[in-house]
Amino acid sequence: MHNDSADNALTESERKNAFFSALLDDELDQLELRRFLKSAAAADSQSYDKLKRYAFVRAVLHDEISAASPLGVDITSAVSAAIANEKPGMAETAVVLEAGGITGNSKLSASLLPMLGKVAIAASVALVVIAGAQYRSLLQAVPAGVNQASLTVATQETPLVAPDRAEVLNAALLNQAEVSTEVNDFKQLINDVYPQTAARDLAKVSLEYNQRQRINSFLRYHYEQAAANSSRGMIPAARITAVDNLQDDQAR
Amino acid sequence: MKQAVFSRLTAIFLFSASLVSVSTTLLADEGSEEIQKLLSAMPQAFRTLDYQGLFTLEQGGQMVSSRIYHRVEDGRETERLVSVDGPERELIRRNQSVDCLQPGDMILQGLLPQGLLKQSGQIHDHYRLLMGDDVRIANRPAHSIIIEPRDQYRFGYTLAIDKETGLLLQSKMLSADGRMLDRFQFVTIDFGAVSPSLLIPKSEGYEELPPDDCHQKDTHQAVDTSPWRLNLPSGYMFCHFEKSKVSNADALMYSDGLSTFSVFIHPGEDDDQSYFKGGTLLYSRKAMVDGMPYTVTVVGEIPESTAMRVTAGLSRKAGH
């Protein structure tokens, strides 16, 4: 990205930002990536987490949502714009929430904008949360609790990869072949959840996401109420302690 | 001649078969009074004793361990649960009367008033109760009780109950084909005074358990005031109804003393689904009631057949 003398002239944070920018623009070579990972891992975990989030955004930017969405909202440029303004430490989901809000650039008539804007926000958040979850599953088993991620996740710092599995991503990033395989798989996944159809499909994704949230809330509610209203003899409160660890099973 | 031999053999076979079934029934009935006593003592053991321990909960191949602290002072109990692995959870149950009886406890203790008793029956009407061989759990000798469902509307259980205190030390929930669906088990437990300092929550995000729904002996004030009529399998008794904060759904709870499920009803049409998380079923079905679309969701430690039955033919009570 820069030669050594230029590096010296830049502050540490400027150098990092330049790196992130280069990463997003696909201007990094193997050596630079390797060098950065080494220093990031040694220096601070914050940069490292940021790198992981950018790796995700990069996949979205370069290989996926390049076409304007069916709503006329150009997600790619919206995400790019949001990233340009990003404050350090913001999560990728927050970025996309901003992106969903940039409907003013669309060619839709003004009267439709408020309504479609809402759909776009919900749909794009749902899309990225779902896509994010699926991308994660390519790198690792989906961490417990991903399904419980609520819409409030958009305002929270959400690491892309569970810390204990960071090595997996590290290894993947160091191996371009693996990265491209994963990006292709990711592309396929995006195509699956982001078909070239109309807004109702995006709305459907959002709706399914809401249902998922609702049923998980019902589960918590059931455990809490059972602790107070069923039978103390069977110690129902014990189940509450495990609710965040539960994963879906097949029907029995 | 051949025919006569055959029918004689058949008669002998049928007679011995009936002997076998009679002896099984006798066996079950012999132990059932003792078992009933043990089941009846379980809720009070959890309420009235001071104890602290470590327990595990296994569900769907996952296991979480938690510490439990329980202290009784002046007839009021305080309980604190803290998970020690996985996501941090800290739960507090405060200032509950030790005389409190939850609806399911009343079934276990055979304390239902006559009217309800006729309606929902007793534990042994819905489960076969058998004494198993003694076991050792958390370094304590325990009775083992095998509980088999008499119909397809509940799961089976194997319980281990502490011989000295009557407290439940282990509970395994089993599917009809004998697979373990979830297991609660103490790893260590100590009885004896628990310091009040151990009942103080340590994490910022601790959660208060909702106050117990308390009932008095021989009464059951929990009247089903919900507007819904559900097709309940026998043995399940109404426990609780309220408007939940989740999607403004009506939330109802039913229990047969061992198995418990919730029913959530909210306007709108969610996709039908049915799957398990650990031993807990999550089951949603669309339902048209008086021309309006609803989704009814059943969540509980029950087989799918129970949820199918409960949700089929959902209707409003007259006057609602």
Side-chain angles (χ1 to χ4, degrees), chain A residues 126 141-152 156 158-159 162-164 201 203-252, chain B residues 39 42-43 46-47 55 57 59-60 62 64 66 79 81 83 86-87 89 91 93 102-105 107-108 168 171 175 179 181 184 207 209-213 239-240 244 246-247 249 251 253 255 257-258 260-262 264 266 270-271 273-278 280 282 284 297 299-300 303-304:
Chain A
V142 178
V146 159
N147 291 336
Q148 282 94 29
S150 70
L151 282 176
T152 58
Q156 292 168 353
T158 45
D164 56 324
D201 291 310
K204 190 166 177 282
V205 170
S206 172
L207 192 69
E208 282 165 5
Y209 178 74
N210 287 339
Q211 288 176 15
R212 196 80 182 164
Q213 291 306 110
R214 180 155 44 236
I215 208 161
N216 282 328
S217 302
F218 284 156
L219 178 69
R220 281 169 184 276
Y221 198 90
H222 165 72
Y223 284 161
E224 281 178 23
Q225 289 299 319
N229 300 302
S230 59
S231 166
R232 278 293 288 285
M234 296 294 280
I235 191 159
R239 286 203 176 87
I240 309 177
T241 58
V243 66
D244 290 327
N245 282 41
L246 285 176
Q247 291 177 4
D248 298 352
D249 297 349
Q250 293 167 340
R252 309 190 165 94
Chain B
L39 292 178
M42 281 192 326
F46 270 120
R47 278 185 200 284
F55 68 80
L57 189 76
Q59 293 176 300
Q62 299 254 318
V64 172
S66 303
E79 181 176 271
L81 294 168
S83 68
R89 297 298 295 266
L91 306 165
R93 188 200 305 265
Q102 292 181 2
D105 295 337
I107 303 175
L108 280 182
L168 178 74
S171 153
S175 68
R179 278 177 307 125
L181 305 175
F184 160 84
E207 299 154 68
L209 284 173
D212 285 20
D213 186 14
C239 293
H240 193 70
S244 82
V246 184
S247 302
M253 180 161 275
S255 176
L258 296 169
T260 299
F261 65 87
S262 293
F264 300 92
H266 73 273
D270 283 3
D271 288 342
Q273 48 193 319
S274 178
Y275 58 96
F276 275 85
K277 269 182 181 265
T280 306
L282 298 157
S284 272
T297 303
V299 181
E304 194 182 29

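Proteins come first, then strands; the chains are lettered A, B, ... in the order of their sequence lines, and each starts at number 1. A quick note: this is a predicted structure, and the numbers were derived from the prediction, not measured.
- Using a cutoff of 4.0 Å between basic side-chain nitrogens and carboxylate oxygens, B:Glu207 and A:Arg220 are not scored as salt-bridged.
- Rounded to the nearest 0.5 angstrom, B:Ser247 OG and A:Gln213 CD are separated by 10.0 Å.
- Most heavy-atom pairs under 4.5 Å with chain A, from the set B:Ala251, B:Gly257, B:Ser244: that is B:Ser244.
- Taking OH from B:Tyr275 and CD1 from A:Ile215, the interatomic distance works out to 4.5 Å, rounded to the nearest 0.5 Å.
- The distance from the NE2 atom of B:His240 to the OG atom of A:Ser230 is 11.5 Å, given to the nearest 0.5 Å.
- Contacts of B:Pro211 with chain A are made by backbone atoms alone, with heavy-atom separations under 4.5 Å and no side-chain atom involved.
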Stepwise, does the side-chain contact (heavy atoms from CB on, under 4.5 Å) test hold for B:Gln102 with A:Asn229?
-> CA-CA 6 Å; B:Gln102 292 181 2; A:Asn229 300 302; 5.6 Å; no
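- Your options are B:Leu91, B:Leu282, B:Ile107, B:Asp271, and the one with the most heavy-atom pairs under 4.5 Å with chain A is B:Asp271.
- Between A:Tyr223 atom OH and B:Ser262 atom OG the span is 10.5 Å, to the nearest 0.5 Å.
- In this structure, A:Gln225 contributes its side chain and B:Met253 its backbone to no donor-acceptor pair below 3.5 Å.
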Going through the distances and angles, do A:Val243 and B:Arg89 end up as a side-chain contact (heavy atoms from CB on, under 4.5 Å)?
-> CA-CA 9 Å; A:Val243 66; B:Arg89 297 298 295 266; 2.8 Å; yes
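- Note on B:Gly86, B:Pro210, B:Ser83: by heavy-atom pairs under 4.5 Å with chain A, the leading option is B:Pro210.
- Looking at B:Leu258, the atoms closer than 4.5 Å to chain A (heavy atoms on both sides) sit in the backbone and in the side chain alike.
- Of the two parts of B:Phe46, the backbone and the side chain both hold a non-hydrogen atom closer than 4.5 Å to a non-hydrogen atom of chain A.
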Dump the intermediate steps for side-chain contact (heavy atoms from CB on, under 4.5 Å) on A:Arg214 and B:His266, then the final yes or no.
-> CA-CA 11 Å; A:Arg214 180 155 44 236; B:His266 73 273; 3.3 Å; yes
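- Using a 4.5 Å heavy-atom cutoff, the side chains of A:Gln211 and B:Gln273 are in contact.
- A side-chain donor-acceptor contact under 3.5 Å links B:Arg93 to the backbone of A:Ala227.
- Using cut-offs of 30° and 60° for the angle between ring planes, the B:Phe264 and A:Phe218 rings count as parallel.
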For B:Leu81 and A:Ile240, run side-chain contact (heavy atoms from CB on, under 4.5 Å): C-alpha distance rounded to whole Å, both residues' side-chain angles, the deciding distance at 0.1 Å, then the answer.
-> CA-CA 9 Å; B:Leu81 294 168; A:Ile240 309 177; over 6 Å; no
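- With A:His222 contributing its side chain and B:Val299 its backbone, the two residues share a donor-acceptor pair below 3.5 Å.
- Here the side chains of A:Glu208 and B:Asp270 are not in contact, with every heavy-atom distance at 4.5 Å or above.
- Using a 4.5 Å cut-off between heavy atoms, B:Thr260 touches chain A through backbone and side chain atoms alike.
- If you tally non-hydrogen atom pairs under 4.5 Å between each of B:Ser255, B:Gly300, B:Ser284 and chain A, the highest count goes to B:Gly300.
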